[in-house]
Amino acid sequence: MRQHLVMRDPLVIHVVRHGRTRSNRVGLVMGWADESIEPDQHDAADAVAARLAAAPAPVRVVSSPLARARDTAAPLAAALSVDLETDARLGELYQGPWQGLAESEVARRWPLEWSVWRTAPETLDLDGRETLTALYARVADAFDDLMRSSDAATVVVFTHDAVVRAAVAWTLRVGPATYRHIDVANCSITTIHASTSGPRLVALNDTSHLPGSDR
């Protein structure tokens, strides 16, 4: 077996969506806007850290380069005294001309495209905006690299809504047609076990660790 295929069995990958931002709350299309999480979301980020700090060591903490993901990752990296790595492949879907606009404004200016995005998003191809096919390919590339890792028992990935959905699709070996069938809450944890026999989805959109959760 080649060296790059040698890995712990299983490698545990926790995929965490970032804490809520103001744009999330008011319904703006974020894309790669570099916005921090809202002040009250630091408690949620701390709750993620408390939940995952006991993960089997050694642990890597890998984040999207965007501020909202790094803000959410920082408490766990500090608790574990590990470096916070970044990977641009884990950044949010590029929204092109939609970035920064209210969803209602997008719907008004691009009514046909917005309808497609809400009903069959995998078919939308808008100039300047990343397709789901392209997003899913770069996310799969990133998770393939994580799966080949041989120096960690646990990897915690801090990322975005669309990337979590793509990671689930990567795990299940399905395509972006599943996009609208997956819920991803802010600061939720989705857990994947990856081994030489392939990845398995263990938990999806878990929010039981969050303050005020009744789950």
Side-chain angles (χ1 to χ4, degrees), residues 1-18 31-32 34 48-49 51-53 55-95 122 130-179 182 184 187-206:
M1 182 177 291
R2 290 179 293 175
Q3 179 65 32
H4 77 276
L5 291 178
V6 176
M7 59 183 294
R8 297 173 186 266
D9 192 4
L11 169 69
V12 178
I13 305 173
H14 297 294
V15 190
V16 182
R17 185 186 176 193
H18 62 80
W32 276 64
D34 205 21
V48 171
R51 169 76 174 271
L52 297 180
V59 182
R60 290 176 63 194
V61 181
V62 186
S63 175
S64 155
L66 298 176
R68 56 195 185 271
R70 290 186 287 105
D71 288 347
T72 311
L76 178 62
L80 297 174
S81 298
V82 299
D83 292 335
L84 177 55
E85 306 172 44
T86 59
D87 187 336
R89 295 173 296 181
L90 301 173
E92 181 60 293
L93 180 73
Y94 287 98
Q95 293 285 355
E122 72 279 6
E130 188 175 23
T131 65
L132 285 184
T133 297
L135 171 75
Y136 278 45
R138 67 170 162 91
V139 172
D141 187 60
F143 277 80
D144 283 343
D145 281 351
L146 292 177
M147 188 171 169
R148 287 192 291 264
S149 173
S150 60
D151 60 355
T154 307
V155 179
V156 185
V157 173
F158 288 84
T159 187
H160 308 270
D161 181 11
V163 176
V164 178
R165 298 180 197 227
V168 172
W170 169 83
T171 304
L172 300 177
R173 299 300 191 241
V174 296
T178 59
Y179 186 87
I182 298 168
V184 187
C187 284
S188 63
I189 301 172
T190 292
T191 301
I192 300 162
H193 287 182
S195 69
T196 51
S197 61
R200 293 184 295 112
L201 184 63
V202 176
L204 174 65
N205 195 37
D206 182 2

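In what follows, every heavy atom counts, from backbone to side chain, and hydrogens, waters and symmetry copies are set aside.
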Test Glu92 against Asp161 for side-chain contact (heavy atoms from CB on, under 4.5 Å), laying out the working first. CA-CA 7 Å; Glu92 181 60 293; Asp161 181 11; 4.0 Å; yes

Tell me the closest heavy-atom pair linking His160 and Ser64, and the distance in Å. NE2-OG, 2.7 Å

Minimum heavy-atom distance between Ala153 and Pro56, given as atom pair plus value: CB-O, 3.7 Å

Would Tyr136 and Arg165 count as a side-chain contact (heavy atoms from CB on, under 4.5 Å) if you check the C-alpha gap in whole Å, the side-chain angles of each, and the deciding distance to 0.1 Å? CA-CA 9 Å; Tyr136 278 45; Arg165 298 180 197 227; 3.9 Å; yes

Search all heavy atoms of Ala77 against all heavy atoms of Leu84 and return the closest pair with its distance. CB-CB, 4.2 Å

Decide yes or no on salt bridge (charged side-chain N to carboxylate O under 4.0 Å, His left out) for Asp145 and Arg148, but give the supporting numbers first. CA-CA 5 Å; Asp145 281 351; Arg148 287 192 291 264; 2.4 Å; yes

I need the Ile182 CD1 to Leu201 CG distance, nearest 0.5 Å. 8.5 Å

Could you grab the distance from atom OG1 of Thr86 to atom CG of Leu66, nearest 0.5 Å is fine? 10.0 Å

What is the minimum heavy-atom distance between Val61 and Ala73, and which atoms define it? CG1-CB, 4.2 Å

Ala142 and Asp87 have their tightest heavy-atom pair at CB-OD2, 4.2 Å

If you round to the nearest 0.5 Å, how far is NE2 of His14 from CD1 of Ile192? 10.5 Å

Are side-chain heavy atoms of Val168 and Thr178 found at a separation under 4.5 Å? no

Can you tell me how far apart OH (Tyr179) and CG (Leu93) are? Round to the nearest 0.5 Å. 6.5 Å

dist Thr159:OG1 -> Arg68:CZ (nearest 0.5 Å) comes out at 9.0 Å

Test side-chain contact (heavy atoms from CB on, under 4.5 Å) on Val155 and Val62 and set out the steps. CA-CA 7 Å; Val155 179; Val62 186; 4.0 Å; yes

Side-chain donor-acceptor pair under 3.5 Å between Ser197 and Ser195, yes or no? yes

Where do Val163 and Leu135 land on the side-chain contact (heavy atoms from CB on, under 4.5 Å) test, with the steps shown first? CA-CA 8 Å; Val163 176; Leu135 171 75; 4.3 Å; yes

How about Leu76 and Val48: do any of their side-chain heavy atoms sit closer than 4.5 Å? no

Is Arg138 reaching over with its side chain to a backbone N or O of Arg89, donor-acceptor style, under 3.5 angstrom? yes

Ignoring hydrogens, what is the shortest heavy-atom contact between Ala152 and Leu11? Give both atom names and the distance. O-CD1, 3.4 Å

Aromatic ring pairing Trp32/Tyr94, orientation class (parallel under 30°, perpendicular over 60°, tilted between): parallel

Heavy atoms from other residues, nucleotides or ligands near CG of Asp34 exceed 12 (cutoff 6.0 Å): yes

Distance (rounded to the nearest 0.5 Å) between Thr154 OG1 and Leu52 CG: 9.0 Å

